[in-house]
**Q** 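Sending over a structure as structure tokens; questions will come in a sec.
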Amino acid sequence: MVLKIPRAGRYWLFKTEPTSFSFDDLWRAPKRRTQWDGVRNYQARNLLRDEVKIGDGVLIYHSNHKPLSIAGIARVVREGYPDPTAFDPGDHHFDPDSDPDDPTWFMVDIEAVQPFDPPVQRDGLRKVPACSGMMLLQRGARLSVQPVAPQEWAAVLRLAGVAQR
DNA sequence: GCCAACGTTGGC
DNA sequence: GCCAACGTTGGC
């Protein structure tokens, strides 16, 4: 399987608990797209608002799940814009302090590109020298939107048996 | 279910 | 601005 993934772009890893939203959910969504809403951490917010760009590659990581693994690839199809769930009192991620005229929380839209079958397990990444610096593997790295270096991205795709061109 | 690690809050 | 208390994340 060969994918057209822009090598000059930037790469990210988005965490999700598959019991709430999985890569399969994304794959089955209309147009295979979703709004990546609900991020409530300032560091992750800054990345979503300022750094994540259209066409960037995204590894979808399943946390709190066995085996811990990267389930597939997505790409960014819309850049940072206000997360409406922050303004919805009925939403689990409602934030009464977020002013609609000066939103606190941002999200991007992503589109599934390719599932990994089988998923790339986190434990396996530890054995790959190119991945030794991955934020995902660092102790206590809780950030839910993480930058991924090009060599890390390439190594993950290689492990997944996905060829880049 | 435990708990280490980390982020946020709020009193001072 | 410090820092203790608290809440959350997420691997184990």
Side-chain angles (χ1 to χ4, degrees), chain A residues 10-29 34-52 56-76 79-110 112-149 151-160:
Chain A
R10 289 214 260 177
Y11 306 107
W12 309 95
L13 179 144
F14 288 5
K15 289 186 192 175
T16 181
E17 299 199 15
T19 51
S20 54
F21 189 83
S22 69
F23 188 89
D24 278 348
D25 292 331
L26 177 59
W27 192 253
R28 288 193 298 261
T34 195
Q35 306 179 141
W36 202 259
D37 59 23
V39 172
R40 296 293 180 269
N41 168 281
Y42 286 101
Q43 209 176 339
R45 184 282 310 267
N46 291 345
L47 294 174
L48 291 177
R49 187 189 58 192
D50 305 330
E51 304 291 340
V52 178
D56 286 359
V58 181
L59 302 173
I60 302 299
Y61 174 74
H62 284 173
S63 64
N64 275 317
H65 181 257
K66 287 183 180 177
L68 293 167
S69 51
I70 298 167
I73 308 169
R75 66 170 149 249
V76 177
E79 291 175 9
Y81 62 108
D83 178 348
T85 65
F87 311 126
D88 176 2
D91 193 278
H92 181 247
H93 297 289
F94 175 59
D95 177 7
D97 296 331
S98 182
D99 177 358
D101 293 326
D102 184 18
T104 306
W105 305 113
F106 285 72
M107 63 185 188
V108 300
D109 291 357
I110 62 171
V113 173
Q114 178 66 38
F116 289 165
D117 185 22
V120 172
Q121 295 188 25
R122 183 178 181 271
D123 277 351
L125 293 179
R126 296 192 184 281
K127 305 183 190 101
V128 180
C131 294
S132 62
M134 276 189 88
M135 188 178 289
L136 182 66
L137 302 181
Q138 310 309 311
R139 180 175 175 78
R142 303 189 313 179
L143 197 59
S144 62
V145 174
Q146 303 183 353
V148 171
Q151 72 272 15
E152 296 164 352
W153 173 268
V156 170
L157 265 60
R158 202 179 314 122
L159 280 176

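Heavy-atom basis, side chains included; hydrogens, waters and symmetry copies ignored. Letters A, B, ... are given to chains in the order of the sequence lines, protein chains preceding strands, and every chain is numbered from 1.
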**Q** Between C1' on dG7(B) and CZ on Arg45(A), what's the gap in Å once rounded to a whole number?
**A**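 To the nearest whole Å, that distance equals 14 Å.
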**Q** Please report, rounded to the nearest Å, how far the P atom of dC12(C) is from the CG atom of Leu136(A).
**A** 10 Å
**Q** Measure the spacing between CG of Asp25(A) and OG1 of Thr19(A) and express it to the nearest 0.5 Å.
**A**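 Taking CG in Asp25(A) and OG1 in Thr19(A), the distance rounds to 10.0 Å.
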**Q** Roughly how many Å is it from CG in Asp97(A) to C1' in dG7(B), rounded to a whole number?
**A** 16 Å
**Q** Can you tell me how far CG of Leu136(A) sits from CD1 of Ile70(A), rounded to the nearest 0.5 angstrom?
**A**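 Answer rounded to 0.5 Å: 6.0 Å.
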**Q** Given atom CG of Leu13(A) and atom C1' of dT9(C), what is their separation to the nearest angstrom?
**A**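 Computing the Leu13(A):CG to dT9(C):C1' distance gives 15 Å.
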**Q** Between P on dG7(B) and CZ on Arg40(A), what's the gap in Å once rounded to a whole number?
**A** 18 Å
**Q** Is the distance between the ring centroids of Trp105(A) and Tyr81(A) under 6.0 Å?
**A** no
**Q** Ignoring the backbone of Leu68(A), work out which of dG11(C), dA4(B), dT8(B) is nearest its side chain.
**A**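 For Leu68(A), the side-chain atoms sit closest to dG11(C).
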**Q** Does atom CD of Gln43(A) have more than 12 heavy-atom neighbours from other groups under 6.0 Å away?
**A** no
**Q** Counting heavy atoms from C-beta on, name the nucleotide in dT8(B), dA4(B), dG11(C) closest to the side chain of Tyr42(A).
**A**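 That would be dT8(B).
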**Q** Output the single nucleotide from dG10(C), dG7(B), dT8(B) whose closest atom is nearest the side chain of Asn64(A).
**A**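 Closest nucleotide to the Asn64(A) side chain: dG10(C).
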**Q** Starting at atom CD of Gln146(A), determine the distance to atom C1' of dG11(C), rounded to an integer number of angstrom.
**A** 13 Å
**Q** Please tell me which of the listed nucleotides, dT8(C), dG10(C), dG11(C), lies nearest to the side chain of Lys15(A)?
**A**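 Of the options given, the side chain of Lys15(A) lies nearest dG10(C).
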**Q** Any idea which of dC12(C), dG7(B), dA5(B) is nearest the Arg122(A) side chain?
**A**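 In terms of side-chain proximity for Arg122(A), the closest of dC12(C), dG7(B), dA5(B) is dC12(C).
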